[in-house]
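Presented below is the structure to which this report refers.
For clarity, every value in this text was computed on a predicted model and none was experimentally measured. All values below were derived from every heavy atom in this structure, side-chain atoms included, with hydrogens, water molecules and symmetry-related copies excluded. The chains referred to below are lettered A, B, ... by the order of the sequence lines, with proteins before strands, and numbering in each begins at 1.
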Amino acid sequence: MISSLDSLNERQREATVNTEGPCMIIAGAGAGKTKVLTARIAYLIQEKKVDPFKILALTFTNKAANEMKNRIEQVVGSIAKNVWLGTFHSCFARILRIEADRIGYPSNFSIYDTADSKSLLKSIIKEMNLDDKTYTPNVVLSRISSAKNRLITAQEYFNNPLYREDDESAMKPRLGEIFVTYAKRCFQAGAMDFDDILLNTYLLFNQHLDVLYKYQERFQYMLIDEFQDTNLAQYTIIKDLAVVHNNICVVGDDAQSIYAFRGANIRNILNFEKDYPNLVIVKLEQNYRSTQNIVEAANEIIGKNQLQLKKNVWTANERGELIGLIRATTDAEEGRLVAASIFEIKVQNQLRNEDFAVLYRTNSQSRAIEEALRKVNLPYRMLGGMSFYQRKEVKDLLAYLRFIVNHNDEEALKRIINEPKRGIGPSNIEKMILVASDHGISLWEVMCNAKNFLSGRAAEAVEEFAGMIQVIALEVSKKDAYEIASEIAKRSGLLKSLYEDKTVEGLARYENVQELLSGIKAFTSNPEQADPGLTNFLQDIALATNSEITDEDGGDKISLMTIHAAKGLEFKYVYIVGIEEDLFPSPLMLGSKEDLEEERRLFYVALTRAKKKIFLSYTISRYRFGKLKQCEVSRFIGEIDPMYLHMSHATNRYTEKLNTNYAKQFINSMRPMASPKRAKLQPDPSTNIQAFQASDITQLKSGMQVEHPTFGIGNVITIELAGAHKKARINFSGLGEKTLLLSFAKLKILSSSKE
DNA sequence: GTAGTTTAGCTTTTT
DNA sequence: GCTAAACTAC
């Protein structure tokens, strides 16, 4: 018999073996949802002898997909690889690649990420001569995105007077036009954005019934993870696919629906029964993860919501410890207190770093925590945030690769045409775009014949660039992804220009590119890799966001991440930081009761990550947008019965000192002194700018006297490394303090001062 | 016209 | 705190 069935309780077993017909598993937090899902797939393969190729299992994140794949493999062996298991986006993209020609796309279509989409929208808005303040890319994209998630195409949107009225009353009457242009440009570029992957899959199935039949036939069994987070597009596609075999199993927890902002519709799970009257519902209500205190406090929070399915989450675990409250004065102190608490608990209980996690509402909160952990030498790992693949230099190299594969990829071309600088500036690009639209040919074709349209140096630069791309594009079928990537990195001059940049940030960028290259190497040299080609690599990378590369250094580390990223994970000790009214709930989510309920579900998700103990921390002041702001305790803390809470010792030491006005006083004392009146920046006539020779600024230290060609003579106050930049605060005589970015500043060192 | 600097402005969460 | 746009100098 299957070993995995043995470790299941009665309900879990029921959810596992009930394979025929529609089934909904409502799984409370920590109830063994992943366990059931994997057991179910293993059961299908081993017991029911179902061909793995005929099983489709969809998740939301790559992380969840990978974990599930590994667990199934442990039970059924390498045959597990044949299961169609992946994120909605990656599975549908796979189908779209196969069937691309049916909807007029090339099978090697590019995938635009959010940055690409916004950039394209920006240029469209500019070309249409619209005010970029009423039509901000953010607003336009979210409108387009939500339309696509509701299966509304650009044309339908444009033709429907209802949407136009909506947009007109929002003072954005031309949104429909922008949408249509955007869709056209994406199509011409052979590119899909994230939402297109869903929308086009839907259109493919609806316009080509033979294709739909093929996949309906193929997917004999379907499993959907995190069903509460599906949007209309996802739900409709699943439903269409399930028509023939009707073996659809959805797993979810309405209490953990936290993606409405991206179109998720909690009603998909609340109303699922209406679409499938003979639905079997299994509720997994026993929590195996957390202590009684945690389960009860979390239940109390989620009980405040109206929109939810009835269930009774309970646990047989010990009562456990109370929720610790940590109160700090600033975000930096919050970091210190959290780090100190982790250190103390770790030493006292002989725990590992990986038993701890720090969760926050926004990625920007990570900085203070990181600094504090670094100071006490606690190793940590950050998930999400500004991911590796979003770094400029990484995106640049990937854009080169994308463009080599797809010469129509407009956004990729925009990135690389003058990066590194090769003398093809905005006005020349403008010219070529004009020529292209006049002749009805693509920008790429213009570039290949630049001599006919441009003059002199610019034409040469363009042709050289185009020639380089052509040469390498010819090799795509002969060489693997790594060979192509390292060749283009060298020949484009990208590596060289980064190598020559000797600043701290230049060095980091160079290393990032090298890291990307070795990542590609790992991809091509993986023995299980059937297709090491560039096209395949790009398809893989486009939808793989962050986790992969960070997971490689799998040492024993504390986890730092947003609450969203923590869904599905568990830790012994969980610190939820920044429980403040202007942060969590997010002020942007207080528009409606439903929004607030989503924030409350988010809080619920955070609380239920913990096995042993939760710490909630807040501070009375916090740096935001570079300024110190006063904060209030979040309403969510007030929603927890005080019987579950206690103030931590560390906090009391600080709270003793606090009086009622302390926060205000503190902020006032921290407020930087009013900057001196800006003097008009006239170059000092005594400085001969022509002869000005900058010194090597890596030598620069605080206390030195320096000369700037424009600002004159000043004293270096501090040199600080702020993120990717190195900055110097310099007090110039007569001008006051100025902060200069050292990577650009031209400074002459006059004295090496008191060293 | 292009490259080099400085400043303004904006940040929820993710595929 | 970081990026893109605006500005300035070549």
Rounded to whole Å, how long is the line connecting atom NZ of Lys122(A) with atom P of dA4(C)? 7 Å

Reckon Asp595(A) touches a base, only the sugar-phosphate, or nothing at all at heavy-atom distances under 4.0 Å? nothing

Could you tell me whether the phosphate oxygens of dT11(B), OP1 or OP2, come under 4.0 Å of any side-chain nitrogen or oxygen in Asn138(A)? yes

With sequence neighbours left out, write down each residue that passes ring-ring contact (aromatic ring centres under 6.0 Å, His included) with Phe537(A), or none if nothing qualifies. Phe523(A)

Classify Ser427(A) by what it touches in the nucleic acid, base, sugar-phosphate, or nothing, heavy-atom distance under 4.0 Å. sugar-phosphate

Assign each of Thr87(A) and Asn418(A) to its nearest nucleotide of DNA chain B by heavy atoms, then name whichever residue's nucleotide is nearer the 5' end. Asn418(A)

Using a strict cut-off of less than 4.0 Å between a Lys/Arg side-chain nitrogen and an Asp/Glu carboxylate oxygen, indicate whether Arg457(A) and Glu460(A) qualify as a salt bridge. no

Can you give the donor-acceptor pairs under 3.5 Å from side chains of residues 426-435 of chain A to other protein atoms, not counting sequence neighbours?
none

Is a side-chain donor or acceptor of Arg415(A) paired with a backbone partner of Glu411(A) at a separation under 3.5 angstrom? no

It should be established whether Arg367(A) places a side-chain nitrogen or oxygen under 4.0 Å from OP1 or OP2 of nucleotide dC2(C). yes

Between CD of Gln539(A) and C1' of dT15(B) the distance, given in whole Å, is 17 Å

Does dT2(B) have its OP1 or OP2 closer than 4.0 Å to a side-chain nitrogen or oxygen of Asn428(A)? yes

Salt bridge or not for Arg622(A) and Asp582(A), using N-O below 4.0 Å? no

Over how many whole Å does the gap from Asn363(A) atom CG to dC2(C) atom P extend? 13 Å

Over all strands shown, is Pro587(A) touching base, sugar-phosphate only, or nothing at heavy-atom distances under 4.0 angstrom? nothing

Given that Arg415(A) and Glu371(A) both sit by DNA chain C, which one's nearest nucleotide is further toward the 5' end? Glu371(A)

Which residues pass the ring-ring contact (aromatic ring centres under 6.0 Å, His included) test with Tyr235(A), sequence neighbours left out? Phe227(A)

Both Arg457(A) and Asp195(A) contact DNA chain B. Which one's nearest nucleotide lies toward the 5' end? Arg457(A)

For atom CG of Asp116(A) and atom P of dT3(C), their distance in whole Å: 16 Å

Could you tell me the separation between the CD atom of Glu419(A) and the P atom of dG4(B), rounded to a whole number of Å? 11 Å

Set of residues satisfying ring-ring contact (aromatic ring centres under 6.0 Å, His included) with respect to Phe453(A), sequence neighbours excluded: His439(A)

Just to be sure I understand the rule, does Thr114(A) reach a base, reach only the sugar-phosphate, or reach nothing, if contact means heavy atoms closer than 4.0 Å? base

Specify the separation, in whole Å, of atom CG of Leu454(A) and atom C1' of dT2(B). 14 Å

Quick one: ring-ring contact (aromatic ring centres under 6.0 Å, His included) partners of Tyr604(A), sequence neighbours excluded? none

Once you apply a heavy-atom cut-off of 4.0 Å, does Lys567(A) come out as touching a base, just sugar-phosphate, or nothing? nothing

Identify, residue by residue, the members of residues 254-262 of chain A with a heavy atom below 4.0 Å from DNA chain B, and return them in order of residue number, or none. Tyr259(A), Phe261(A), Arg262(A)

Report the distance from atom NZ of Lys63(A) to atom P of dT14(B), rounded to the nearest whole Å. 10 Å

Distance, rounded to the nearest Å, where Lys133(A) contributes NZ and dA8(B) contributes C1': 10 Å

Indicate, with a heavy-atom threshold strictly under 4.0 Å, whether Phe88(A) touches base, sugar-phosphate, or nothing. nothing

